[in-house]
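Chain letters run A, B, ... following the sequence lines, proteins first and then strands; every chain starts at 1.
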Number of protein chains: 2
Amino acid sequence: MLINPRPSEIPAAAHDRVYRTLRSRIMYGDIAPGQAMTLRGIGEEFEVSMTPAREAARRLVAEGALSMTSSGRVSTPELSGERIEELAALRALIEVELASRALPRAHMALIERLQMINTSIADQIARQDAVGYIRTNLEFHRTLYLRAQAPAMLAMAEQVWLQLGPTMRALYGRLRRKELPHFHRLIVAALKAGDEPGLRLAVRSDVTQGLKMLVR
Amino acid sequence: MLINPRPSEIPAAAHDRVYRTLRSRIMYGDIAPGQAMTLRGIGEEFEVSMTPAREAARRLVAEGALSMTSSGRVSTPELSGERIEELAALRALIEVELASRALPRAHMALIERLQMINTSIADQIARQDAVGYIRTNLEFHRTLYLRAQAPAMLAMAEQVWLQLGPTMRALYGRLRRKELPHFHRLIVAALKAGDEPGLRLAVRSDVTQGLKMLVR
DNA sequence: AAACCCGCTTTGTGATCACAAAGTATGCAT
DNA sequence: ATGCATACTTTGTGATCACAAAGCGGGTTT
């Protein structure tokens with residue numbers, strides 16, 4: 001037999017490991033906008049050759065997580081106000097739909113989990129941990145949207161998050177939060193009540209409110 | 001001086017040429033769903049080594065234009081009914097928004113151009129040219145959406161088109177068209193009248209109608 | 001007749017190298 | 001002191017190669 005001698009230990013290709021690590025850093029605001037990086041530098045950090053470093057970088061470029069000069073150098077993007085507005089509008093469109101599709105499947109266990117995540121977010125705020133806050137905030141949204149059973153839409157939403165990652169950190173610096181975003185409470189309340197219009201509005205507001213500050 | 005000795009002749013990197021050609025084939029339904037391809041095969045066809053072939057393939061995988069087995073083999077995706085429904089919903093969401101943003105900027109020159117494209121579409125239908133039909137149909141949509149001045153949204157819409165490419169060909173085979181899709185006429189009419197609700201409905205219908213047939 | 005095992009072939013992965021273009025700093029001339 | 005040309009360094013691109021794993025037959029055994 002022995003089809004899979006070590007099912008728990010998936011070796012994970014080198015380029016994939018590099019990709020995933022960089023993706024997390026970018027999505028959760030670990031890297032500031034405009035930060036440049038070199039293929040050799042990436043390879044050195046992950047102890048791999050240029051080949052997998054290049055593949056990971058190009059994949060992130062394809063997803064809009066990194067931008068590329070005409071000479072092939074990569075860096076995190078510095079988004080214009082117009083682009084931020086577009087991405088916020090995309091978040092609103094897609095995530096409202098995802099929430100709406102998740103609503104009929106949202107049982108009590110899911111709502112309790114969302115409330116748990118909300119207390120965790122409050123933790124990150126108290127600790128002034130920008131990266132932790134962004135990651136946990138996105139986890140709140142992802143947990144809800146997973147219930148929509150719509151992987152293609154969720155992938156699109158995550159791609160938008162990825163493009164906004166470095167910018168979200170800059171945002172966090174400006175609006176020095178003191179408490180949990182209250183739209184999260186509204187989302188949970190609408191889920192409990194089965195209130196679809198209320199849910200749509202709450203999600204749209206939560207997704208839009210922060211980004212508005214960056215457009216000016 | 002001579003900053004740019006040959007401004008018209010941009011050499012275009014090998015991997016980019018491969019990428020663009022494959023992307024066109026996929027988006028316009030030149031390749032059937034489930035079609036497998038090898039990196040060495042791609043390299044051979046374009047007379048390049050495996051390196052740029054691999055980059056082009058992985059970029060297309062990142063955009064959802066190709067799917068990949070766990071062992072790294074690539075092929076055009078065979079979409080499930082659920083996934084087609086999701087992608088159709090995404091088209092509706094994004095393209096309705098793009099059309100709505102294009103409306104206030106749509107002048108007579110644009111409308112005339114759209115009508116020209118419509119006659120061209122009728123041509124492709126008469127000629128029974130599936131690939132030509134799909135390409136020209138998407139050109140109609142792209143021409144309209146370009147006026148929205150929303151590059152991030154347009155890129156998202158095109159990514160959805162790309163994912164649906166191989167499936168669109170299969171669709172074309174089923175609904176043996178005899179005449180121009182009448183929603184295209186409705187779109188032009190709504191643009192002329194400045195009728196935003198009508199435009200939204202026409203775009204949503206045009207985008208949704210064909211795909212419905214594939215879900216069953 | 002069907003299942004299985006073992007060989008060869010095909011194929012993706014990653015490292016290394018040569019090369020060209022872009023970027024950067026140095027030094028000279030005005 | 002400033003502008004510019006030139007040499008050097010850094011960096012991405014693409015080709016080639018070694019390797020391991022996956023796919024694919026054919027042949028044997030039960």
Stretch residues 44-60 of chain A: residues that reach within less than 4.0 Å of DNA chain D through a heavy atom:
M50(A), R54(A), R58(A)
Please find out if less than 6.0 Å separates the ring center of Y145(B) from that of H141(B).
yes
Angle by which the axis turns from one end of the helix from dA1(C)-dT30(D) to dT30(C)-dA1(D) to the other, five pairs per end, to 10 degrees:
20°
Pair D30(A) + R135(A), salt bridge at N-O below 4.0 Å
no
Under the salt bridge (Lys or Arg N to Asp or Glu O under 4.0 Å) test, residues paired with R142(A) that sit two or more places apart
E158(A)
Among dT11(D), dT11(C), dG14(C), which nucleotide has an atom closest to any side-chain atom of A13(A)?
dG14(C)
Given protein heavy atoms under 4.0 Å, the one-letter contact record of nucleotides 19-24 of chain C, with B base, S sugar-phosphate only and - none, is simply ---SS-
N-O pairing of R91(A) and E97(A) below 4.0 Å:
no
In short, side-chain hydrogen bond (donor to acceptor under 3.5 Å, both in side chains) pairs touching residues 32-47 of chain A with sequence neighbours left out are R25(A)-E45(A)
If you measure from OG1 on T76(B) to CG on L60(B), what distance do you get to the nearest 0.5 Å?
11.5 Å
For R204(B), does the CZ atom have more than 12 heavy-atom neighbours from other residues, nucleotides or ligands under 6.0 Å away?
no
Could you list all the side-chain hydrogen bond (donor to acceptor under 3.5 Å, both in side chains) pairs where at least one residue sits in residues 103-114 of chain A, not counting sequence neighbours?
none
Nearest 0.5 Å, please: how far is CG in L164(A) from CE in M27(A)?
10.0 Å
Between NE2 of H15(A) and P of dA15(C) the distance, given in whole Å, is 11 Å
Rounded to whole Å, CG of L39(A) lies from P of dG12(D) at a distance of 4 Å
Of Y28(B), F140(B), Y172(B), the residue whose pairing with Y133(B) passes ring pair (Phe, Tyr, Trp, His ring centres under 6.0 Å)
Y172(B)
